[in-house]
S.K.: 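Dropping a structure here in C-alpha cells format, bear with me for questions.
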Amino acid sequence: MSSNLLMPAQTPPASAASPVPVRATAAPVTFLAVTTIPVGTNPVGLAFIPNGDLYVANSGSNNVQTIDTATDTVIGAAIPTGTTPAWLTVAPNGSAYVPNNISNNVTVIDTATSTVITTIPLGGGPAAAAVIPSGNVYVSRFGANSVQEIDTTTNMAVGAAIPTGSGPVGIAVAPNGKAYVANRNANSVTVIDTATAAVVTTIPGLNQPNFVAIGPSGNAYVANIGSNNVTVIDTTTDTIITTIPVGTNPWGITVGPDGNAYTANRGSNNVSVIDTTTNMTVGAPIPVGNQPIALVVAPNNKVYVTNIAGASVSVIQFDPTITSIAPNSGPITGGTVVTITGTNLTGASVDIGGNPATSVTVNATGTQLTATTPPGVAGPADVTVTTPGGSTTLVGGFTYFVPVHATSLTATPALTKLFPPHVYFPFLTATLTDQVTGLPVPNQPILFKAGSNVLGIANTDAQGVARVNETLTLTLILLNHGYEVSFAGAVTPTAILSPSSDTAPVIEP
C-alpha cells in the first residue's frame, strides 16, 4: 500500500477476480520522441487550455508552466500553486483546476490570463481532477478515500464527499455519464453516477490501478502500476473485458484523437501504444525521459509525456501518412495549389519530383495540408512529406503535364494606293500572342498567303511580330483583296501552343 501519491510502492497482491483473456502484442514498429522540453522539478499532470497551449504541473516546483504547442517551448512566467500540484484539468469555462496534494487545496487558474483566480480548501490529499458532464469538476482525495465535487461557477465544494476505495487517483468519465475512479491501494475501480453523485458499483481485480482513460467505444482503460498491464472495462456492464500487457509500472494513460491509447511506463522509461479496436499494443514501446508519469495527446496527434525524475516533457510525433492528393496533376510550370490528406502532418515540408513545394500550411489536427507545386518535368512525380517524426512518399502521386495555351494571331492591313498600285509600307506584319500568359510568342513560323499563293514564311521576333515584304507580291494581294496569316501550332518547353490565323484587307490611306 502506498501512502505517498507520487512515490512508487511495493507491488501488492491483486484482488481475487475471475481470469480474463490477455491480448497479444502486434509486430514491432519503432518510434522515437522528437524533442524534449525542459520544465520545472518533478512534472506530473498535463492539460490543454482553450488556446491550444499546454499546462504542466510541476509538483516539486509548486507551479504550473505553459508550453506553446506550436514551438514546443515553455512560454511566460510560471504560475504559483499550492504545495505538490498533481493531475490538473481544464473546465468548460476555461478555468484550470490544480489539486495540491500536500497543501490540501485546489488552485484555480484563469487560462486566458494565466493568473490565479482563487484557492479552494480541500483536505485529504487532493490528487487528480476531471470534468463531469455538468461542467463541474471531480477531485480525488488520495488520503481521504473519496471524491469531492467542485462547482466551477462558485469555485466551492458542493455536496458530500463520495466514498471510494483506498487511495483514489485518476478519474475518467464515460459517454454514459459514469465516472471511473482508480483506487490504487484498494486494487479496484469505483463507478459513480455523476448525475446523482452516488456510487454505482466497485470493480475489483486490478493491481495498483492509477489512471483511467475512455476509448472511442466508451470502454474504460485502466493503467495498473503493479501488474504492468491495462485493464479494459465495459462501461455498460461494468465488467472487465480483457487485460493488455504494456511496459513496466504504467502510471498514466490517455486516448488520442486517432483512437489509440497510450501508457506512461514509469518503470521502463517508455510509452506503450494500444490499438483500442483490437486491444493489442502497436509496435515497440517508445523511449522517453526519466520516469514518465502522465501523458496527453494533442488534436494533431502529438503525444506529450511528463518525466517526473527528468524535469522534462517528451514530445512524440509519429510518422506522417498520405492518403490522397488533389488535384493530382498540373502544368510543368508549377503553381498548382494541392491539398494533401493524411495523418501526423504537423510541421511538414513537401517535395514533388525532388523539388520543394512552397506555401505549405497544415491544419490544426495535422490531417491535411496545402502546398504550391514547384516546376517539374512532364510525367509522374513522387510526392514526399517530411515531418520531425519521419517521412513518407506517395510514388507517382502527382503528374506534370505540358499545358495547352490558346494563341491569337493578328495581321495588319496592307497599306496600298490602288491607282496606280503603290505600297505605302513595304512589310506585311502579323503578331502572335499567348492567350494564357498575355505575352508575345517569339521564334515561331508564320505563313503569309494571298488566296492559294504563298507570299512568304517568317519567324516571330522577340515582340511576337513576323514580317514579309509586300512589294514584290502586291499584285497578288490586290487580286485577293487582302491576305491571310496562319500559325500551325507548336510544342515549347513550357506549353503546347494551339494554331491560330487571321485575315487582313487592303486599305488605301
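For reference, positions follow the sequence shown, starting with 1.
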S.K.: For a quick check under 3.5 Å, do Asp351 and Thr384 share a side-chain donor-acceptor pair by atom type?
M.R.: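 Their side chains do not contain a donor-acceptor pair, so the 3.5 Å distance test is not met.
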S.K.: Between Asn155 and Thr118, does any side-chain donor sit less than 3.5 Å from a side-chain acceptor?
M.R.: no
S.K.: Check for a donor-acceptor pair, side chain of Gln208 on one end and backbone N or O of Ala223 on the other, with a separation under 3.5 Å.
M.R.: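 Side chain of Gln208 to backbone of Ala223: no pair is present.
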S.K.: When Ile79 is tested against each of Thr111, Val116, Asn63 for side-chain contact (heavy atoms from CB on, under 4.5 Å), which residue passes?
M.R.: Val116
S.K.: Hey, does Trp251 have a side-chain heavy atom less than 4.5 Å from the side chain of Val169?
M.R.: no
S.K.: Quick one: does any side-chain atom of Ser103 pair with a main-chain N or O of Thr83 as donor and acceptor, under 3.5 Å?
M.R.: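 Looks like yes, one N/O pair under 3.5 Å.
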S.K.: Classify the side-chain pair Asn249/Arg266 by whether it contains a donor and acceptor separated by less than 3.5 Å.
M.R.: no
S.K.: Are any side-chain N or O atoms of Thr323 and backbone N or O atoms of Thr341, one a donor and one an acceptor, separated by less than 3.5 Å?
M.R.: yes
S.K.: With a 3.5 Å cut-off and no angle check, do the side chains of Thr263 and Tyr221 form a donor-acceptor pair?
M.R.: no
S.K.: So, Asn58 and Gln65: side-chain donor and acceptor under 3.5 Å apart, yes or no?
M.R.: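 Looking only at side-chain atoms, Gln65 and Asn58 do form a donor-acceptor pair, the distance falling under 3.5 Å.
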S.K.: So, taking the atom named OG1 in Thr107 and the one named CG in Leu88, what distance separates them when rounded to the nearest 0.5 Å?
M.R.: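 If we round to the nearest 0.5 Å, Thr107:OG1 and Leu88:CG are 10.0 Å apart.
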S.K.: Looking at residues at least two apart in the chain, or sitting in another chain, which of them share a side chain to side chain contact (heavy atoms under 4.5 Å, CB included) with Thr89?
M.R.: Tyr97, Ala129, Val131, Val137
S.K.: Quiz question: by atom type and distance under 3.5 Å, do the side chains of Asn363 and Gln368 form a donor-acceptor pair?
M.R.: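 Asn363 vs Gln368: no donor-acceptor pair found between side chains.
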S.K.: Can you give each donor-acceptor pair under 3.5 Å made by side-chain atoms of residues 193-200, sequence neighbours left out, with the distance rounded to 0.1 Å?
M.R.:
{"unit_1": "Asp193", "atom_1": "OD1", "unit_2": "Ala195", "atom_2": "N", "d": "2.9"}
{"unit_1": "Thr194", "atom_1": "OG1", "unit_2": "Gly177", "atom_2": "O", "d": "2.5"}
{"unit_1": "Thr196", "atom_1": "OG1", "unit_2": "Ala198", "atom_2": "N", "d": "3.4"}

S.K.: Once side chain to side chain donor-acceptor pair (under 3.5 Å) is applied, do any residues pair with Ser312, and if so which ones, sequence neighbours excluded?
M.R.: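 For Ser312 the side chain to side chain donor-acceptor pair (under 3.5 Å) partners, ignoring immediate neighbours, are Asn307.
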S.K.: Check the side chains of Asn328 and Thr399 for a donor-acceptor pair under 3.5 angstrom, ignoring hydrogens and angles.
M.R.: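 No, Asn328 and Thr399 have no side-chain donor paired with an acceptor closer than 3.5 Å.
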